[in-house]
Amino acid sequence: MKIAIIGCDYVDPEQVPLFGEYPDMFRSTLSELRYDLEFTDFDALRGQLPDISSSFDGYIITGSRYNSYDNDPWILKLLEWIQYADQARIKVAGICFGHQLIARALGAQVHKSTKGWGLGKTQVQVAQFPNWVTTKRNQLRLWVSHQDQVETKPPGCKVIAQSDFCPYFMLAKDRHIFTIQGHPEFLKGYTQYLLSKHENKLTPEGFDKATTSLEGTVDSKVVLQWILDLFSLNE
């Protein structure tokens, strides 16, 4: 299986030796689930995007510290790419920023949330299962790090998972688009680093709650498998 990873940000340099860049995180976690994966990286910030006619089985758009509702040239270029991919029914998965940008490209509103930051671990309720998944779980626990959120449902999309904090946490369109606000590619240590980095953006009570949420397990492999299940539809 050939997967293209469209990177939209860079890991802080001092953390790269510990966790790698964002494409490395996907390469590592997805390869634990399937041995025959081949990855090609593209740097969206530098205007590098795959040709829409490329022979990849699927495309992943990563998270980013940038705002998905901004109009920087590289963001607009990626928005246009997403719209072409949707029209061509290319299989695309979006993570956090990627989730928001795909929703925007499909007609949704994306804004900075009035609820503040989502940091640490969150639990969401699955509203309905995509018809391509092989493993089903009614509730999912995932690492999160975001302040922006999708505020309206994109036309033609289904809400796959939601919470009171994030009602459009997971979306899908037909059998070619799947997006997630959370980070199934993150390790606990990296989530912990992001939490400490953003401590001053939380109240003391909010920081303590987010720190406590790091305890226990997450369902990252379930969601990563859902991405692979989607990309496997080409096989």
Practice problem: Just do the side-chain contact (heavy atoms from CB on, under 4.5 Å) check on Arg175 and Leu233 with the steps written out, would you? | Solution: CA-CA 8 Å; Arg175 291 166 66 86; Leu233 295 175; 3.1 Å; yes

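- No chain of hydrophobic side-chain contacts below 4.5 Å, direct or via other Ile, Leu, Val, Met, Phe, Trp or Tyr residues, connects Ile60 to Tyr10.
- In this structure, CD1 in Ile102 is found 11.5 Å from CD in Gln83, a value given to the nearest 0.5 Å.
- The two atoms that bring Ile61 and Cys8 nearest to each other are CG2-SG, 3.7 Å, heavy atoms only.
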I'd like to know whether Asp24 forms a side-chain contact (heavy atoms from CB on, under 4.5 Å) with Phe19, so could you lay out the CA-CA distance, the side-chain angles of the two residues, the decisive distance to 0.1 Å, and finally the verdict. CA-CA 8 Å; Asp24 297 322; Phe19 303 106; over 6 Å; no

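- If you take CZ on Arg89 and CD1 on Ile177, they are separated by 9.0 Å, rounding to the nearest 0.5 Å.
- The closest side-chain heavy-atom distance from Phe169 to Ile160 is not below 4.5 Å.
- Here the side chain of Asp219 pairs a donor or acceptor atom with the backbone of Arg141 at under 3.5 angstrom.
- Formation of a donor-acceptor pair under 3.5 Å by the Ser196 side chain with backbone atoms of Tyr193 is found in this model.
- Within the structure, every pair that satisfies the salt bridge (Lys or Arg N to Asp or Glu O under 4.0 Å) test and touches residues 100-112, not counting sequence neighbours, is listed here: Lys112-Asp148.
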task = Test side-chain contact (heavy atoms from CB on, under 4.5 Å) on Gln181 and Cys96 and set out the steps.
result = CA-CA 4 Å; Gln181 180 59 69; Cys96 197; 3.2 Å; yes

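- Relative ring orientation between Phe165 and His146 is described as perpendicular, the plane-to-plane angle rising above 60° on a 0-90° scale split at 30° and 60°.
- A parallel orientation is assigned to the rings of His183 and Phe186, their planes being inclined by less than 30° (bins at 30° and 60°).
- Minimum interatomic distance between Ala85 and Val92 (heavy atoms only, all atoms of both residues): CB-CG2, 4.0 Å.
- A side-chain donor-acceptor contact under 3.5 Å links Glu21 to the backbone of Val11.
- When side chains are defined from C-beta on, Val124 counts as touching Thr122, because their heavy atoms get closer than 4.5 Å.
- Here Ser232 contributes atom OG and Ile227 contributes atom CD1; the two are 11.5 Å apart, rounded to the nearest 0.5 Å.
- Proximity of a side-chain donor or acceptor of Ser31 to a complementary backbone N or O of Arg27 within less than 3.5 Å is detected.
- Under the 4.5 Å side-chain heavy-atom criterion for ILVMFWY residues, a single connected hydrophobic cluster contains both Ile95 and Met170.
- Put simply, the side chain of Phe42 does not reach to within 4.5 Å of the side chain of Trp81, judged on heavy atoms.
- With salt bridges taken as basic N to acidic carboxylate O contacts below 4.0 Å, one links Arg65 and Asp12.
- For the pair Lys91 and Phe231, the NZ or CZ position fails the cation-pi test of under 6.0 Å to the six-membered ring centre and within 45 degrees of the ring normal.
- Look at Lys158 and Asp174 and you find no salt bridge, because none of the NZ, NE, NH1 or NH2 atoms lies under 4.0 Å from a carboxylate O.
- A donor-acceptor pair is defined here as one N or O able to donate and one able to accept, closer than 3.5 Å; no such pair exists between the side chain of Glu185 and the backbone of Phe26.
- Side-chain heavy atoms closer than 4.5 Å link hydrophobic residues (I, L, V, M, F, W, Y) into clusters, and following such links, even through other members, never connects Tyr59 to Met25.
- When side chains are defined from C-beta on, Gln225 counts as touching Leu228, because their heavy atoms get closer than 4.5 Å.
- Closest approach of Cys157 to Leu106, counting heavy atoms only: SG-CD1, 3.7 Å.
- The closest donor-acceptor contact from the side chain of Trp226 to the backbone of Thr135 lies under 3.5 Å.
- A salt bridge between Arg34 and Asp36 is present, with a side-chain N of the basic residue lying under 4.0 Å from a carboxylate O of the acidic one.
- Note on Leu142: it clusters hydrophobically with Leu230, by side-chain heavy-atom contacts below 4.5 Å among ILVMFWY residues.
- Ile6 CD1 to Leu78 CG: the interatomic distance, rounded to the nearest 0.5 Å, is 6.0 Å.
- The side-chain heavy atoms of Lys153 and Tyr168, taken from C-beta on, include a pair separated by under 4.5 Å.
- Between Trp143 and Tyr190, the distance separating the two ring centers is not shorter than 6.0 angstrom.
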Set out, in order, the CA-CA distance, both residues' side-chain angles and the distance that settles side-chain contact (heavy atoms from CB on, under 4.5 Å) for Val110 and Gln149, then state yes or no.
CA-CA 6 Å; Val110 183; Gln149 290 195 164; over 6 Å; no

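- Taking each heavy atom of Ile75 and Asp70 in turn, the nearest pair found is CG2-O, 3.5 Å.
- Counted within 6.0 Å of CG on Asp164, heavy atoms from surrounding residues, nucleotides or ligands total 12 or fewer; the atom is thus considered open.
- No side-chain donor-acceptor contact under 3.5 Å links Tyr69 and Glu151.
- Judged purely by distance below 3.5 Å, without hydrogens or angles, the side chains of Thr152 and Gln109 never pair a donor atom with an acceptor atom.
- Heavy-atom neighbours of Lys2 NZ from other residues, nucleotides or ligands within 6.0 Å: at or below the threshold of 12.
- Annotation: the span from Met1 atom CE to Leu30 atom CG amounts to 9.5 Å, rounded to 0.5 Å.
- Interatomic distance, CH2 of Trp132 versus CG of Asp229, reported as 9.0 Å (0.5 Å rounding).
- Looking at Thr191 and Lys121, their side chains never come closer than 4.5 Å, going by heavy atoms from C-beta outward.
- Hydrophobic clustering (ILVMFWY, side-chain heavy atoms < 4.5 Å, transitive): Val218 and Tyr22 are in one cluster.
- When all heavy atoms of Val150 and Ala108 are compared, the closest pair comes out as CG1-CB, 4.1 Å.
- By the 4.5 Å heavy-atom criterion applied to side chains, Leu49 and Lys77 are counted as neighbours.
- Side-chain contact check for Lys173 versus Pro154: every heavy-atom pair is 4.5 Å or farther apart.
- The shortest non-hydrogen separation linking Gly120 to Leu214 is CA-CD2, 4.0 Å.
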